[in-house]
Student: 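Submitted below is the structure of interest, expressed as structure tokens.
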Protein chains: 2
Amino acid sequence: MKWSELEQETCSMARTLSVIGDRWTLLILRDCFLGVRRFDDFHERLGVTRGILADRLKQLSKAGVLKKVAYQEHPPRHEYKLTGKGLDLYPVILSIVHWGDVHMAGEDGRPVLHQHMACGHAFDPRMVCSECGTTLSPHDVKVLQGPGKAADRNLPVRPAGKMAQS
Amino acid sequence: MKWSELEQETCSMARTLSVIGDRWTLLILRDCFLGVRRFDDFHERLGVTRGILADRLKQLSKAGVLKKVAYQEHPPRHEYKLTGKGLDLYPVILSIVHWGDVHMAGEDGRPVLHQHMACGHAFDPRMVCSECGTTLSPHDVKVLQGPGKAADRNLPVRPAGKMAQS
DNA sequence: CTACGTAAGTTCTGTTTCAGAACCTACGTG
DNA sequence: CACGTAGGTTCTGAAACAGAACTTACGTAG
């Protein structure tokens, strides 16, 4: 399977990965959430080559995750801003960072802390059920076939055990 | 920057991506949460080449995300199971799937639904603050320097605006 | 005891993508 | 008119990947 084919999979995960399933893309998005907007700033902070950066920014714009906005003309200059679709990736970024904080931090501890302005506290992100509000665990989630399912693939296999997901 | 160098970055996101920042790795993990355990099952379901699959399973085992467990000897056979560290990736997988459900679903709707066994309802995952329990938005999170921060890098830049994260 | 099947890989070859560096364009400034 | 700057594009060699065949260590059927 190639990148180009990923997009057409029925699995939501595969479709998402066709947009953000690349290490540079995710690092670019991290910087977007930190407020970075300009080509040369991304280039410097990430250490990515200009060619790849140009390509990824183009992909993200095409996918509607970023939009290219002119902030001056003469000379023409623009910046890349997160769209609503892009802002919706916040839980993805936060959960990745949180896993790194917990499992990959050096002995000095985590590199950054997050403060929730609404309540004032330093916090950890927690993933909960939209219906009952309790923390989700792989053991008590069951995967059901939805309306957009082509067939068979990506459904639980074997005796099935306890954990399930897609 | 190469894959090998990513691991040594101070950013938790970069460190996490050194383990899971690859499209095949994430698809393998999706299948792990669906209950897939064996080499040939991964191979068939994913359409990944055997070489890459062997490499990724080795990486994930080395990183402590999966463990290789013998389920019989004569002939020697083993399966790959998620460790605690691996199970902790559930929010990452769920948030990626959810974004795909919302933004990438075809016109038939989402391919699978998730049912929370604890409350019985079909649900969406929601990311909340561990301290006050309200839904997190990029606009009301501020990034602070933590104990493990080398310096300058990966902190908010420019006038800073509203959104922040690492 | 030979042939066939199966799980879990490894090896080979050609194609694609990537890294690093240099170059280009359109403008403003001294 | 030389220089700086933002935002790219182009070039070449190195690395990663895809597809297919081959390997190992067994069990089983004829």
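Just so you know, these numbers use all the heavy atoms, side chains as well, and skip hydrogens, waters and symmetry mates. Within every chain, numbering begins at 1; the chains are lettered A, B, ... in the order of the sequence lines, protein sequences first and strands thereafter.
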Student: Tell me: CD of A:Glu73 to C1' of C:dG28, nearest whole Å?
Tutor: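 Result: 15 Å.
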Student: Kindly assign one of parallel, tilted or perpendicular to the pair B:Tyr80 and B:His78, based on the angle between their ring planes and the thresholds 30° and 60°.
Tutor: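 If you compare the ring of B:Tyr80 with that of B:His78, the planes turn out perpendicular.
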Student: Choose from D:dG8, C:dC27, C:dC18 the nucleotide whose nearest atom is closest to any side-chain atom of A:Ala54.
Tutor: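 Nearest to the side chain of A:Ala54 among the choices is D:dG8.
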Student: Tell me whether the NZ or CZ atom of A:Arg37 lies within the 45° cone about the ring axis of A:Tyr71 and under 6.0 Å from its centre.
Tutor: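 Judged by the rule, A:Arg37 and A:Tyr71 form no cation-pi pair.
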Student: Rounding to a whole Å, what distance do you find between A:Ile52:CD1 and D:dG8:C1'?
Tutor: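 Atom-to-atom, A:Ile52 to D:dG8, this comes out as 15 Å.
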Student: If you round to the nearest 0.5 Å, how far is CZ of B:Arg23 from CE of A:Met13?
Tutor: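 Atom-to-atom, A:Met13:CE and B:Arg23:CZ are 12.5 Å apart.
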Student: Tell whether B:Arg50 reaches the base of D:dA20 with its side chain through a donor-acceptor pair below 3.5 angstrom.
Tutor: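 In this structure, the two groups form no donor-acceptor pair.
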Student: Atom CZ of A:Arg37 and atom P of D:dG7: how far apart are they, to the nearest Å?
Tutor: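 So the two atoms are 13 Å apart, to the nearest Å.
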Student: Tell me: CZ of B:Arg38 to C1' of C:dA8, nearest whole Å?
Tutor: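 About 11 Å, once rounded to whole Å.
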Student: Tell me whether the NZ or CZ atom of B:Arg56 lies within the 45° cone about the ring axis of B:Phe42 and under 6.0 Å from its centre.
Tutor: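 Pair B:Arg56/B:Phe42 does not count as cation-pi.
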Student: Calculate the interatomic distance between B:Arg56 atom CZ and C:dT10 atom C1'; express it in whole Å.
Tutor: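 So the two atoms are 16 Å apart, to the nearest Å.
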Student: Hey, is the main chain of A:Val65 close enough, under 3.5 Å, to the side chain of A:Thr83 for a donor-acceptor pair?
Tutor: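 Checked: pair present.
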Student: Which nucleotide in the set D:dA6, C:dA19, C:dC27 lies at the smallest distance from any side-chain heavy atom of A:Asp40?
Tutor: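 Selected nucleotide (nearest to the side chain): D:dA6.
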Student: Between C1' on C:dA19 and CG on A:Asp55, what's the gap in Å once rounded to a whole number?
Tutor: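 In whole Å, C:dA19 C1' and A:Asp55 CG are 14 Å from each other.
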Student: Within this structure, what is the NE2-to-C1' distance between A:His78 and C:dC27, rounded to whole angstrom?
Tutor: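 My rounded result for the distance is 12 Å.
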Student: I want to check one thing: is the phosphate of C:dA7, taken as OP1 and OP2, less than 4.0 Å away from some side-chain N or O of B:Tyr80?
Tutor: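 Answer no for this pair, as no side-chain N or O of B:Tyr80 is under 4.0 Å from OP1 or OP2.
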Student: According to a strict under-4.0 Å criterion, is B:Lys58 in side-chain N/O contact with OP1 or OP2 of C:dA8?
Tutor: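 False: B:Lys58 side-chain N/O out of range (4.0 Å or more) of C:dA8 OP1/OP2.
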Student: For B:Phe42, report the nucleic acid contact type (base, sugar-phosphate, nothing); a contact means any heavy atom under 4.0 Å.
Tutor: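 Contact class for B:Phe42: none.
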Student: Counting any heavy atom closer than 4.0 Å, what does B:His43 reach on the DNA or RNA strands: base, sugar-phosphate only, or nothing?
Tutor: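 No contact.
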Student: Need to verify one output field. Residue with the more 5' nearest nucleotide on DNA chain C, A:Arg23 or A:Pro76?
Tutor: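 Per heavy-atom nearest nucleotide, the more 5' residue is A:Arg23.
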Student: Tell me: CD of A:Gln72 to C1' of C:dA26, nearest whole Å?
Tutor: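 Answer to the nearest Å: 12 Å.
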Student: Using only side-chain N and O atoms of B:Trp24, determine if any of them is under 4.0 Å from OP1 or OP2 of D:dA18.
Tutor: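 Result: yes.
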